[in-house]
Structures are given as C-alpha cells and as structure tokens.
Amino acid sequence: MEVLCGDIGDVYVNVYTTEKVYAVASPEFDSGLQGKLVILCEALYGLATSCAYFYDHLADTLHSMNFVPTRFYCNIWIRKLKDKKSYDFICTHVNDFSMFSENAKSVMDQIQKVYTVKLVGPLEYYLGNNFKKDSKGR
C-alpha cells in the first residue's frame, strides 16, 4: 500500500460564498472599478463560512471519485476497489490530506485535476507530526 500526503493550495479560490462581502476596489482592480464599491463572490480566508464551503467543494470532488465518508468520522473517506476486497482511504483536515492506496499516484492525479496540490510526498510530516518507519520498514 502506498501512502501520500498533500496540501491543497489556494483553497478558497475554488469556492464561492453566499455571504455579502463588500469592498472598495483598490488599484489592483480594473481601472473602471477602482474606488467603487464591489461585492466579492469568492470565499475569503477568515470568513466564518469559508471553511464549510470548501469542505462541501472537496466532498463533491471526493464523491465524484466514488469515495464516501465513513459513518464514524466525516473526514475519513473510503472507496471499495474493483477487486471488492480492498479499499482506498483519504483522511482530510481542511486542506491537508493523506491517502492510503494501492495506487496513490493515480488518486493524487485525480485530485490534481481539480486542485493545486503542494507538498506532495510520502507520509513524513502531517498535521504537525513527524512520521518515521522502524528498522522493518513499518
């Protein structure tokens, strides 16, 4: 079984919010908008609902890949493989995830079609914890 971890970058540019967020357009905006009042549609870091909107977007993505959340914890996702004997697992925490799969690279490729994934690699550091294998490779 392969284990890969990743960190989804630019999390909130993938999701929209229903909150009414107003701002005055700064110089970075089109010159026709500069100084005018604008309504922002994308979720922003720090908005109360942004994390929930991102979770919904990620859940839709994982559902489209035939993953389902476990009934015990909604951030652990499983899917039964075609052999009907084994499973792929994805554990999520906001935009960080780890996956356990017979073909983790293939699963990662599917995720990377939707999101920009940073720090892709083996399970060495995840959620503030260091992971090391023992002398037997476990």
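The two residues C5 and M108 make their nearest non-hydrogen contact at O-CE, 3.9 Å. In terms of heavy-atom proximity, G6 sits nearest to V117 at CA-CG1, 3.9 Å. In plain terms, the two heavy atoms of E42 and T17 that are nearest each other are O-CG2, 3.8 Å. A104 and S101 make their closest contact through N-OG, 3.6 Å (heavy atoms, listed as atom of the first residue, atom of the second, distance).
The hydrophobic clustering, which links ILVMFWY residues whose side-chain heavy atoms are closer than 4.5 Å, places V107 and L81 apart. Residues V24 and L33 are members of separate hydrophobic clusters, defined by side-chain heavy-atom contacts under 4.5 angstrom among Ile, Leu, Val, Met, Phe, Trp and Tyr. Side-chain heavy atoms closer than 4.5 Å link hydrophobic residues (I, L, V, M, F, W, Y) into clusters, and following such links, possibly through other members, connects I8 to V120. Hydrophobic clustering, with ILVMFWY side chains joined whenever heavy atoms are under 4.5 angstrom apart, groups F89 together with V68. Both I39 and L37 belong to a single network of hydrophobic side chains, linked directly or stepwise wherever heavy atoms of I, L, V, M, F, W or Y lie under 4.5 Å apart.
Distance check: K80 NZ to D88 CG gives 12.5 Å after rounding to the nearest 0.5 Å. Here the straight-line distance linking atom NZ of K20 with atom CG of L40 works out to 11.5 Å at 0.5 Å rounding. In this structure, CG in N66 is found 12.0 Å from CD1 in I78, a value given to the nearest 0.5 Å. T116 contributes atom OG1, which lies 12.5 Å from atom CD1 of I111 (distance to the nearest 0.5 angstrom). In this structure, the separation between CD on Q110 and CE on M99 is 9.0 Å, given to the nearest 0.5 Å.
For residues 91-117, the pairs satisfying ring pair (Phe, Tyr, Trp, His ring centres under 6.0 Å) are F54-Y115, H57-Y115, with sequence neighbours left out. For residues 90-114, the set of pairs meeting the salt bridge (Lys or Arg N to Asp or Glu O under 4.0 Å) definition, not counting sequence neighbours, comprises K105-D109.
Dense packing is recorded around CZ of F131, with more than 12 heavy atoms of other residues, nucleotides or ligands lying under 6.0 Å away.
One N or O on the side chain of D83 and one on the backbone of S86 form a donor-acceptor pair closer than 3.5 Å. At distances below 3.5 Å, at least one donor-acceptor pair connects side-chain atoms of S64 with backbone N or O atoms of T61. R79 places no side-chain N or O within donor-acceptor distance of the main-chain N or O of Y87, the cut-off being under 3.5 Å. Side chain of Q34 to backbone of S26: no donor-acceptor contact under 3.5 angstrom is found.
For the pairing with Y53, the side chain to side chain contact (heavy atoms under 4.5 Å, CB included) check across V11, T18, L58 returns one residue only, T18.
Using modelled atom types, one finds no donor on one side chain facing an acceptor on the other under 3.5 Å when comparing Y55 with T92. In this structure, a donor-acceptor pair under 3.5 Å is present between the side chains of T49 and E19.
Counting heavy atoms from C-beta outward, C51 and V94 have side chains that approach closer than 4.5 Å. No side-chain heavy atom of W77 sits less than 4.5 Å from a side-chain heavy atom of M65. With contacts defined as side-chain heavy-atom distances shorter than 4.5 Å, the pair F67/I90 qualifies.
Residues passing the side-chain hydrogen bond (donor to acceptor under 3.5 Å, both in side chains) test with D134 are R138, sequence neighbours excluded. With sequence neighbours excluded, no residue forms a salt bridge (Lys or Arg N to Asp or Glu O under 4.0 Å) with D7.
Under a 4.5 Å side-chain heavy-atom cut-off, the cluster of Ile, Leu, Val, Met, Phe, Trp and Tyr residues that includes F72 has no other member. Y73 forms part of a hydrophobic cluster together with I76, judged by ILVMFWY side-chain heavy-atom separations under 4.5 Å.
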